[in-house]
Asks: 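Handing you this structure, nothing more for now.
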Amino acid sequence: MDQKTKPQGSEHPLVLRFDQVRRIDGQLVGGKNSSIGEMISTLKSEGIKVPPGFATTSHMYWQYVNTNHIGEEAAKVISEWQYGKLCLKDTGRKIRSLFLGGTWPTSAAVAVKAAYSELCASAGVSNLSVAVRSSATAEDLPEASFAGQQETYLNVSGEDSLLVACRRCYASLFTDRAISYRQTKGFDHMSVALSIGVQQMVRSDVGGSGVMFSIDTESGFNKVVLINAAWGLGENVVQGTVNPDEYQVFKPFLDDTTLVPILEKKCGDKCIKMVYGDEGVSTRNVATSKAERDGFVLDDEEILRLARWACIIEQHYGTPMDMEWAMDGITGELFIVQARPETVHLNHDAATFKIYKINDKGRVLTTGLSVGDKAVSGRVCLIETAKDIDKFVNNSILVTRATDPDWVPVMKRAAAIITDHGGRTSHAAIVSRELGLPAIVGTGIATYVLHNGQDVTVSCAEGTSGFVYEGISDITTQTLDVSSLPATRTNIMLNLANPAAAYRWWRLPSDGIGLARMEFVVSNAIQIHPMALIHFDRLKDEEAKKKIVCLTAGYKDKTDYFVDKLSQGFATLCAAVYPKPAIIRMSDFKTNEYANLVGGSEFEPKEENPMLGFRGASRYYSPRYKEGFGLECRAIKRLREDMGFTNAIVMIPFCRTVYEAKKVLAVMADNGLKRGENGLLVYVMCEIPSNVILAANFVDYFDGFSIGSNDLTQLTLGVDRDSGELANLFDEQDEAVKWMLKRVISVANERGCKVGICGQAPSDYPEFAKFLVDCGINSISISPDSFVAVKQQVIGSEHT
């Protein structure tokens, strides 16, 4: 390094207030500080609050380096490390000691003290508590985020303490993880300068704080805001030492103040919080109360306000953003304390993506939040504390409680990462995402149930939930390229049931969701029989009552739990394809399946043949289930009217007669879902021969048919589709079945009624897809992994 090229004179500014810098000043005050200055200067008029403060400049950094003769010595130490003469640990320690042992140039110390005094005077508080954050001139670049590479010091007060914290920030430019990261990214260690941001503390120690992204962090879905929240200061969320709340908000509806487009609210355990320390300790962690663990950090209005701010900031910067926020527990005010570009999805190829399938799955050992969409098998290397990092085995699956920037050198050598703690915005998640590693965070028990040397499979390929399976599974991959697929007359739609996996498929040029099964959401997100919630007091099963109390914690009215979870589950599905249609099939459990729900056995009859028994439409107007169907209707009404997803279409399954159609539509209307009002469309499953025979009558009561080819084949041929003995007779291409299909398609087209099919046959048999296209079917709905193949079959069929 040529020391003469670095500014030394007082003609260069040493300190600037945040309102004096803009985002173009990254080389002067670093990415973090330039962004804070940009928001304070330009977004105040938009109502966005950012705490005031000041930034030391790169000129001050070089002045400190030059005055203390650090540059030449540090360059020599780095060179020795690069030539293998020093280990990384000794390299970092030697350079940091140069900074920590240095003295402040008089002009630098005076400038910092003056700026701090001005900030204290502005706040009307002597010895104001401030956050002291590092801001390197190479961070927050498109090719490298430098997330968490330098240090932050919270609750610093007094001039002397401030200067000590600033010196420690300078030294943190040469932590082991920062040196390793720069080396990997190809940055010259001796050309990166450090700015220090000094910002008035928000009293989130008695409030809450967290991280926010203006896109979905795993899929890159650009229509949602993801917010993580925990009690106390924000370091626990960033470092992943706490499992935070998670909220998702649909961006396109935020301008309509009559809507509440919160797609999901997950309550994290939030077992600890960081608060102000005492007796010379700036911060400390304490246990949260049971009320804090069970309650949400943010209410709906606060969630929506932050989401709107995220959209404003994203629009201003013109790119997806990663933001940190804090809530003052004394005033109740919300603040944005940092904002940086989100770098992982910036250069993602939207037209090509890879699908991972896990075959021969072992038993589930633990679950958590998935990071990325990959799957790998490998051997566990469990490391509980940072002091044992050196024991990590290359290409193993790293299992630990949580990671911080000290773990980055090890994380880069891992095949996958599993942690006990942390959310989607934790350090482990952010770094894994940047490294392209699959990670499962927030398992709660990974270090307890997994052990060194154990063979496991890590799957992040099944949606927002990640699974650790026992043993080495067979993992296959398929690459989808949708860039060259032309439009087709026949709509190609998706069969989706799992809201957690919906965003994986947003880049597919589908025409919407042709079948969204309510049973999946009820079984997985709700788990409780709706009648057990309505008639909780009459339940006799004490174990079921205990489980219901646990699942519905925080709900005064237990039926609201059902409505909330169901509407949020479907909102996620509707959001993934909005404004294209999402056809939601109302519940189609059989009685034995309903009985398996918590509290369900007391409300269900026992049937010899549930497949042909009390299911579908017959339940909806029956005294046995009419109230439960009412909860389903309430959820759909909330989905469409309160949340704004008017692209949701209701579909009625197993409607045997026109009489049943009338009865069901009447019950729906009684519950606020009247066909035709507010654009509500109601479809019917065509899965019973009577639906085909009387198709011309059914079209008077429904807006569309969705052919369930499995049930229709079963009932047309009189073959149990699950019978191994009759498997050779179950054929969706049988002439009798094809006659049924051709007839209902013909009637629907004549009467201007939509008609589609949801089933696997068009995926498996090109000739069957061609038959449907030739008949004039409007849509074919298939599983996402079959999309490209079926689309190509339809393209060929439409052009022959």
Side-chain angles (χ1 to χ4, degrees), residues 219 221 352-361 370 373-375 459-465 467 474-482 485 488 490-521 523-524 569-570 572-574 576-577 580-585 588 649 651 653 683 685 687 706-713 721-722 730 732-733 756-773 777-795 797:
S219 66
F221 183 48
T352 303
F353 50 102
K354 186 176 286 187
I355 298 173
Y356 291 77
K357 282 189 175 181
I358 302 93
N359 307 302
D360 305 320
K361 296 177 183 176
S370 67
D373 58 5
K374 298 179 180 178
S459 171
C460 296
E462 300 170 69
T464 55
S465 294
F467 298 89
D474 173 40
I475 300 172
T476 58
T477 61
Q478 177 187 3
T479 299
L480 297 183
D481 185 352
V482 297
L485 294 175
T488 52
T490 308
N491 287 334
I492 309 301
M493 306 177 80
L494 303 178
N495 295 336
L496 292 178
N498 183 2
Y503 297 159
R504 292 185 62 206
W505 311 109
W506 74 277
R507 289 189 175 91
L508 282 180
S510 73
D511 296 297
I513 296 174
L515 175 62
R517 300 178 181 89
M518 185 173 288
E519 303 86 72
F520 188 96
V521 180
S523 294
N524 291 275
F570 281 130
T572 301
L573 293 169
C574 289
V577 297
K580 296 170 184 175
I583 302 172
I584 297 171
R585 188 177 70 187
D588 193 27
I649 295 172
M651 183 157 67
Y683 285 13
M685 288 291 295
E687 52 192 341
S706 181
I707 301 167
S709 55
N710 281 341
D711 272 359
L712 187 59
T713 300
R721 69 189 193 192
D722 295 323
F730 188 87
E732 290 169 289
Q733 296 193 81
I757 188 170
C758 48
Q760 189 61 27
S763 307
D764 297 335
Y765 308 109
E767 66 275 16
F768 190 55
K770 185 178 188 312
F771 165 75
L772 295 169
V773 170
I777 201 160
N778 300 136
S779 65
I780 297 174
S781 189
I782 40 79
S783 59
D785 56 345
S786 302
F787 179 85
V788 172
V790 174
K791 184 81 169 178
Q792 289 171 334
Q793 291 168 11
V794 170
I795 291 168
S797 299

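This structure is a prediction, so every number in the text was calculated from the model and none was measured.
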Asks: Any idea which heavy atoms bring Gly514 and Ser781 closest together, and the distance?
Replies: CA-OG, 3.2 Å
Asks: Give, for atom SG of Cys758 and atom CD1 of Ile583, the distance between the pair rounded to the nearest 0.5 Å.
Replies: 8.0 Å
Asks: For residues Asn710 and Phe730, determine if any side-chain heavy atom of one lies less than 4.5 Å from a side-chain heavy atom of the other.
Replies: yes
Asks: For residues Tyr356 and Cys460, determine if any side-chain heavy atom of one lies less than 4.5 Å from a side-chain heavy atom of the other.
Replies: no
Asks: Tell me, please, which residues at least two apart from Arg585 pass side chain to side chain donor-acceptor pair (under 3.5 Å).
Replies: Glu519
Asks: Using only atom types and a distance under 3.5 Å, with no angle test, would you say the side chain of Asp511 pairs donor to acceptor with the backbone of Met493?
Replies: no
Asks: Is it the case that the side chain of Arg517 and the backbone of Asn495 share a donor-acceptor pair, with hydrogens and angles ignored and the cut-off at 3.5 Å?
Replies: no
Asks: Nearest 0.5 Å, what's the CG-CG distance between Asp588 and Asp711?
Replies: 7.5 Å
Asks: Any side-chain heavy-atom pair from Ile584 and Cys574 closer than 4.5 angstrom?
Replies: yes
Asks: Taking it one step at a time, do Asp474 and Lys357 satisfy side chain to side chain contact (heavy atoms under 4.5 Å, CB included)?
Replies: CA-CA 8 Å; Asp474 173 40; Lys357 282 189 175 181; over 6 Å; no
Asks: When you compare the side chain of Ile358 with that of Phe467, does any pair of heavy atoms fall below 4.5 Å?
Replies: no
Asks: For a quick test of reading the model, state the closest non-hydrogen atom pair linking Pro499 to Val521 and the distance between them.
Replies: CG-CG2, 3.9 Å
Asks: Look up atom NZ in Lys374 and atom OG1 in Thr477, then write down how far apart they are to the nearest 0.5 Å.
Replies: 11.0 Å
Asks: Report the distance from atom CZ of Arg504 to atom OG1 of Thr464, rounding to the nearest 0.5 Å.
Replies: 11.0 Å
Asks: Is there a side-chain contact between Ser706 and Met685 (heavy atoms, below 4.5 Å)?
Replies: yes
Asks: Output all residues satisfying ring-ring contact (aromatic ring centres under 6.0 Å, His included) with Tyr503, sequence neighbours left out; order by chain, then residue number.
Replies: Phe221
Asks: Which heavy atom in Pro762 sits nearest to a heavy atom in Ile757, and how many Å separate them?
Replies: CG-CG2, 4.4 Å
Asks: Within a 6.0 Å radius of atom NZ on Lys361, are there more than 12 heavy atoms belonging to other residues, nucleotides or ligands?
Replies: yes
Asks: What's the separation between atom CD1 in Ile777 and atom CD1 in Ile707, rounded to the nearest 0.5 Å?
Replies: 4.5 Å
Asks: Return the minimal non-hydrogen interatomic distance between Val577 and Ala582, and the atom names on each side.
Replies: CG2-CB, 4.3 Å
Asks: Calculate, to the nearest 0.5 Å, the distance between atoms OG1 and CD1 belonging to Thr490 and Ile780 respectively.
Replies: 6.0 Å
Asks: Using side-chain heavy atoms (C-beta onward) and a distance below 4.5 Å, is Glu462 in contact with Asn498?
Replies: no
Asks: Is the closest side-chain heavy-atom distance between Val482 and Leu508 below 4.5 Å?
Replies: yes
Asks: Do Leu573 and Phe520 have side chains that approach each other closer than 4.5 Å (heavy atoms only, starting at C-beta)?
Replies: no
Asks: If you apply the rule side chain to side chain donor-acceptor pair (under 3.5 Å), what do you find for Lys580 with Ser510, and how did you get there?
Replies: CA-CA 9 Å; Lys580 296 170 184 175; Ser510 73; 5.2 Å; no
